[in-house]
Amino acid sequence: MFKRPIAIGLSPNNQADDLKYVYKALFSPNCFKSGKFTGLLSSWFMDYLKSDNVFFFNSGRSALFCLLKSLSIGPGDEVIVQAFTCVAVPDPVIWVGARPVFTDIDASLNIKIESLEKAVNNKTKAIIVQHTFGIPANINKIKKIAQKYGIYVIEDCAHSLGAELDNRKIGALADAAFFSFGRDKVVSSVYGGAAVIYNNDKAKRILSRLHRSLPKPSLFWIFRQLLHPLAFSVILPFYNVHIGKVILFLLFKMKLLQKPVEKCELIAGKPDNFPAQMPDVLAGLLLSQLLKLTKFNKNRKKIAARYFARLKNSPDFGLPPEIKNAVYLRFNILTEDSADLLIYFKKRKILLGNWYKNIIDPKNVSFKTLGFNPDKFINARKFARLSLNLPTYPNMSVEDADLIVNLLNEYADKKHQR
Ligand SMILES: Cc1ncc(COP(=O)(O)O)c(C=O)c1O
C-alpha cells in the first residue's frame with residue numbers, strides 16, 4: 001500500500017539525492033535566482049553538444065520562442081509542425097506572430113516526409129522536427145528538403161535527450177535545437193528548457209542578447225517548482241489510499257503547485273512568466289538529474305527491451321520501431337482498446353499514459369485558434385486514437401514491466417473469450 005504506484009507521470013524522475021538538494025535549497029531563497037550552477041550547466045551542455053552557445057530558459061516553450069525570434073521568424077512566416085504533439089510547440093510559433101502549418105506523421109510518430117513536402121511553400125521559414133517519445137526522426141531526409149528550399153531545421157528534443165542517430169547526438173543534427181526539462185521528461189527540473197543554434201553567427205548573437213535581456217522568474221514561481229518534487233515524494237506513498245490524491249488536488253487548488261500547461265495556452269495565449277531565464281536553483285536540480293542521465297536512459301532501454309521481448313508476438317498490440325539508440329521516454333503501443341485499457345489499468349492502480357490521444361495535447365486545445373484541421377491528418381488521427389503509453393521511468397523494474405504486460409495479455413484474453 002505505502003509504495004510509489006506504477007505511474008507514468010507523477011514526477012517520475014525524482015531520486016533521493018534530488019530531494020535532498022531541493023530540501024536544502026528551499027531554505028536559501030537568496031540563492032534561488034543566481035549562483036554557481038548555471039555556469040556548470042552551460043559547461044555540461046556545451047561539452048555534450050560540442051557547441052559554444054547553449055542558453056537556458058524556464059521552459060521548452062520559452063526556448064523555442066527565443067529560437068524563432070533569433071532566426072528572425074515573425075509575421076507573414078510559416079513554420080512546419082507535426083500533428084500529434086503538445087500545444088507547447090505550435091503556441092510559440094503564434095507568439096512570434098508566425099503561422100504553424102501542420103503535417104501528418106508516419107508509423108514512427110514523427111513527421112511524414114510526403115506530407116512535409118506538400119506543406120512547404122515560399123512562406124515557410126522553419127521545420128520543427130519532433131523526435132517523438134525519444135525515437136529519432138528521419139532528419140537526413142528532412143534536411144535535404146530544407147536545404148532545397150532554404151528553410152531552417154529546428155530539432156525538438158523535448159523527449160529525446162541522450163538519443164542518437166548514426167552515432168550522432170540528437171540535438172546536434174540540424175540548424176538549431178531546443179530541449180525541455182519538464183516534470184516527466186528525460187531529465188527534469190520541473191520546468192526548464194534549453195536552446196542552441198549552430199553555424200549562424202547572426203542568430204547566435206541575437207539569441208545571446210535576447211537571453212541576457214530576459215528576467216529570472218519570480219521567487220514564488222521558483223518556490224512552486226521546488227515544492228513539486230518534495231510534495232510528490234510525500235504524497236506518492238499515499239496516492240493509492242486517496243489521501244494522497246486529496247492533498248495533491250488541494251496543492252494545485254491553492255496554486256502551490258503549477259500545472260504543466262496554463263488555461264490561456266489552450267487558445268494560444270502566452271503566460272506572463274514565459275519567456276524567462278532558468279533560475280540557478282533549478283539549474284542545480286537539473287545538474288543533479290544529468291549526473292544520472294546515462295543510468296536513467298539505460299533503464300528506459302532495459303524496460304523497452306522487456307516490452308519488445310514480451311509483446312513481439314502479440315497480435316493485439318502494435319509496437320514502436322525497435323531502434324538501438326532511441327531512448328523510449330514512453331513506450332507507445334497501438335491498440336483499438338487504448339481508452340478502455342487506461343481505465344482497466346487505473347482500476348488496478350496503475351497509471352498508463354495518454355500523451356497525444358488528443359492529437360494536439362492537452363484536452364480542450366482550440367484547434368481553430370491554431371488553424372488546425374484534424375480531418376486532414378489521417379495517420380495522426382489514427383495513431384492518436386490507438387496510442388497507449390507504457391511507462392519506462394528511472395525507478396521502474398523489469399517486474400513492473402512484466403506486471404503491465406501480464407495485465408495487457410489478461411485483458412486481451414478476456415476480450416477474445418467474449
Ligand atoms: C514534444 C514537445 N515539445 C516541446 C514541449 C515543450 O516543453 P515545455 O513543457 O518545457 O515548455 C513539450 C512539452 O510538454 C513536448 O511534449
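Here the structure is a predicted model, which is why all the values come from computation and not from measurement. Counting starts at 1 for both ligands and their atoms, following the listed order. Just the heavy atoms: all of them, side chains too, but no hydrogens, waters or symmetry mates, feed the values below. Along the sequence shown, the residues carry numbers beginning at 1.
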Legend entry - Minimum non-hydrogen distance to atom 3 (N) of ligand 1, winning option of V87, D91, D156: D156

Inset, instruction - Begin with the C-alpha distance, continue with both residues' side-chain angles, and end with the deciding distance and a verdict on side-chain hydrogen bond (donor to acceptor under 3.5 Å, both in side chains) for Q277 and N58. - result: CA-CA 6 Å; Q277 291 183 12; N58 65 339; over 6 Å; no

Inset, instruction - Before accepting this row, confirm whether a basic side-chain N of the pair R306/D402 lies closer than 4.0 Å to the acidic partner's carboxylate O. - result: yes

Legend entry - salt_bridge(R330, D184) N-O dist < 4.0 Å: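 Looking at R330 and D184, the cut-off is met.
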
Legend entry - Near-ring test F372/F377, centroid separation under 6.0 angstrom: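 Here the rings of F372 and F377 have centres that are less than 6.0 Å from each other.
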
Inset, instruction - Run the ring-centre check on H211 versus F56 and record whether the distance is less than 6.0 Å. - result: no

Legend entry - Distance from atom 13 (C) of ligand 1 to nearest protein heavy atom, with residue and atom: K185 NZ, 3.1 Å

Legend entry - Closest protein heavy atom to atom 9 (O) of ligand 1, given as residue, atom name and distance to 0.1 Å: R61 NH2, 2.9 Å

Inset, instruction - Would you check the N or O atoms of F178, main chain and side chain alike, for any that come under 3.5 Å of an N or O of ligand 1? - result: no

Legend entry - N/O separation below 3.5 Å, Q130 to ligand 1: no

Inset, instruction - Select one of side chain, backbone, both or neither to describe which atoms of C86 lie under 4.0 Å from any atom of ligand 1, heavy atoms only. - result: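 Contact part for C86 vs ligand 1: side chain (C-beta onward).
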
For ligand 1, which atoms, with element, lie under 4.0 Å from some heavy atom of [X]?
X   : answer
G60 : 7 (O), 8 (P), 10 (O), 11 (O)
V89 : 2 (C), 3 (N), 4 (C)
A88 : 6 (C)

Legend entry - Test item: side-chain donor near acceptor, S208 and R212, under 3.5 Å: yes

Legend entry - Donor-acceptor pair between N138 and D106 side chains, under 3.5 angstrom: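 On atom types as modelled, these side chains do not qualify, holding no pair under 3.5 Å.
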
Legend entry - contact_flag G192 ligand 1 heavy-atom lt 4.0 Å: yes

Inset, instruction - Measure the distances from the heavy atoms of Y356 to every atom of ligand 1 and state whether one is below 4.0 angstrom. - result: yes

Inset, instruction - Please tell me if the side chains of R300 and F331 come closer than 4.5 Å, counting only heavy atoms from C-beta onward. - result: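 No, every pair of side-chain atoms sits at 4.5 Å or beyond.
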
